[in-house]
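Beneath this line is the structure, given in structure tokens, with notes to follow.
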Amino acid sequence: MQMVKENPRLLTIGGSDSGGAAGIQADLKTFEALGSFGMSALSMITAQNTLGVHGVRLLEPEFLEQQITVVANDIGIDALKTGFLANKDLIETTANTIATLDCIKIIDPVIVNSKAEQIVDNSGIQVYKDTLFSQATVITPNIREASLLTSIDIHTQNDVETAASKLLEFGSETVLIKGGYLKEAKAADYLLSHDNSLWLYGSAIDTKNTHGSGDTLSAALAVYLAKGLDLFDAFKASKDFLQKAIEAGASRQLGSGQGSLKQNFKSS
């Protein structure tokens, strides 16, 4: 029987979405919904709504380091998750600061936006490969990010499996490729460790309220691992949580563009 840690302490490191759908906000909602204590370290703030990002302000790397350090020293961290780190300095600072932390580390390399545009330059991506991935319990790129990181054009599930194998070479314990952009299996995600693999399939839902889905899946995985579930059980639980959160938020009207899912569906 698995030992479950009650109320684990979770830290999210990344950008703030003023529209409340993605980034730090999605992570904190997921942490709370799953019964963990959420903390945050902001790398940037945005002026953002359902129609897009209208403004960005990066925070200083030294201040990002301070945010991480003070919560680690006082409260402690059972698991952390990274999100959008916009440049080489922020990525490097994060890597150096969390290197001494003995906790579960979910590294979500947010390097491609929803328009399929590269949003972190090549020097920043190299820092991910050199310093962050080797610390990771799991790295969680989506299809487009996995393609950019491996230089593999991903169109099929076989391509996903090939890319995941290549990503493992960067030193992480496990790779989770989020498959939202895979045409042949849109609601499928693939997990690969050094000795096992698993495809999980969700049900496609007719909704535009999916902003923050990738963040939510990675954040849920961090919580379930911190609670003591083994890797593949945590993956299954996270996938199920994401499916229910999308279903719960599918019909609500928030703004004129792409809305968010509803992580706190159990309280409604």
Side-chain angles (χ1 to χ4, degrees), residues 1-14 23-24 26-41 68 71-72 75-83 85 94-95 97-110 128 132-142 145-146 164 167-168 170-179 188-200 202 212-245 261 263-264 266:
M1 187 174 182
Q2 294 167 344
M3 296 297 294
V4 177
K5 180 179 178 64
E6 296 296 332
N7 303 311
R9 302 157 297 176
L10 274 288
L11 173 67
T12 173
I13 305 168
I24 292 285
D27 293 344
L28 290 175
K29 289 175 184 179
T30 301
F31 295 164
E32 181 72 18
L34 292 176
S36 61
F37 180 73
M39 303 167 286
S40 61
I68 298 169
V71 298
I75 301 169
I77 301 168
D78 296 304
L80 64 82
K81 171 199 175 289
T82 68
L85 305 169
T94 300
T97 307
I98 71 172
T100 59
L101 299 180
D102 182 16
C103 66
I104 293 160
K105 299 174 185 178
I106 307 298
I107 305 302
D108 194 6
V110 181
Y128 266 114
L132 261 180
F133 289 165
S134 60
Q135 300 185 45
T137 308
V138 190
I139 62 172
T140 62
N142 63 32
E145 290 158 347
L167 285 167
L168 270 185
F170 294 122
S172 67
E173 296 178 20
T174 314
V175 174
L176 167 58
I177 296 184
K178 297 176 286 192
D189 302 294
Y190 179 65
L191 186 74
L192 177 68
S193 68
H194 290 279
D195 55 10
N196 209 342
S197 65
L198 179 66
W199 277 99
L200 285 182
S213 297
D215 298 306
T216 297
L217 181 62
S218 298
L221 183 63
V223 175
Y224 284 120
L225 288 174
K227 285 190 170 187
L229 274 68
D230 70 29
L231 178 65
F232 287 86
D233 285 344
F235 178 34
K236 293 172 186 176
S238 302
K239 182 72 171 176
D240 181 64
F241 177 81
L242 175 62
Q243 181 81 27
K244 291 175 179 176
L261 40 162
Q263 291 90 346
N264 65 336
K266 291 181 181 179

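Note that the numbering runs from 1 along the sequence shown for the chain.
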Could you go through T216 and Q263, starting from their C-alpha distance and side-chain angles, then the distance that decides it, and tell me whether this counts as side-chain contact (heavy atoms from CB on, under 4.5 Å)?
CA-CA 8 Å; T216 297; Q263 291 90 346; 2.9 Å; yes
Show the numbers, then the answer: is there a side-chain contact (heavy atoms from CB on, under 4.5 Å) between D233 and Y224?
CA-CA 8 Å; D233 285 344; Y224 284 120; over 6 Å; no
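- Side chain of T82 to main chain of D108: a donor-acceptor pair is present (N/O by atom type, distance under 3.5 Å, no hydrogens or angles).
- Rounding to the nearest 0.5 Å places CG of L168 at 7.0 Å from CD1 of I139.
- The CG atom of N196 lies 4.0 Å from the CZ atom of F232; values are rounded to the nearest 0.5 Å.
- When D215, L176, L191 are each tested for a side chain to side chain contact (heavy atoms under 4.5 Å, CB included) with T140, only one passes: L176.
- Qualifying side-chain contact (heavy atoms from CB on, under 4.5 Å) partners for F37, counting only residues two or more places apart in sequence or in other chains: M39, I75.
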Take D27 and L10, measure what side-chain contact (heavy atoms from CB on, under 4.5 Å) needs, and give me the verdict at the end.
CA-CA 9 Å; D27 293 344; L10 274 288; over 6 Å; no
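- Annotation for A226 and A79: closest pair CB-CB, 3.9 Å, computed over non-hydrogen atoms.
- Side chain of E145 to backbone of N142: a donor-acceptor contact under 3.5 angstrom is found.
- We find the CG-OG distance between L80 and S40 to be 13.0 Å, quoted to the nearest 0.5 Å.
- The shortest side-chain heavy-atom distance between T12 and T30 does not fall under the 4.5 Å cut-off.
- For the pair S172 (side chain) and V175 (backbone), a donor-acceptor distance under 3.5 Å is absent.
- For K105, there are no salt bridge (charged side-chain N to carboxylate O under 4.0 Å, His left out) partners at least two apart in sequence or on another chain.
- Side-chain atoms of Q135 come within 3.5 Å of backbone atoms of A95 as a donor-acceptor pair (strictly under, hydrogens ignored).
- Across every non-hydrogen atom of I107 and A136, the tightest pair is CG1-CB, 3.6 Å.
- The 12-atom threshold is exceeded at CD of Q243, counting heavy atoms of other residues, nucleotides or ligands nearer than 6.0 Å.
- Side-chain contact annotation: S218 with K178, donor-acceptor N/O pair under 3.5 Å present.
- Rounding to the nearest 0.5 Å places CG of L85 at 4.0 Å from OH of Y128.
- In this structure, the separation between CG on L221 and CG on L225 is 4.5 Å, given to the nearest 0.5 Å.
- Side-chain contact between L242 and L261 is present, with at least one heavy-atom pair separated by less than 4.5 Å.
- Using a 4.0 Å cut-off between charged side-chain N and carboxylate O, D240 and K236 make no salt bridge.
- S36 places a side-chain N or O within donor-acceptor distance of the main-chain N or O of F31, the cut-off being under 3.5 Å.
- Classification of D78 and R9 as a salt-bridged pair holds, one side-chain N sitting under 4.0 Å from a carboxylate O.
- Contact record, A26 with G212: CB-O, 4.3 Å, taken as the closest heavy-atom pair.
- The nearest pair of heavy atoms linking G35 to P8 is O-CD, 4.1 Å.
- To the nearest 0.5 Å, atom CG of residue L11 and atom CG of residue L101 are 8.5 Å apart.
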Carefully, step by step, assess I98 and L132 under the rule side-chain contact (heavy atoms from CB on, under 4.5 Å).
CA-CA 9 Å; I98 71 172; L132 261 180; 3.8 Å; yes
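- Taking each heavy atom of A146 and P141 in turn, the nearest pair found is N-CB, 3.9 Å.
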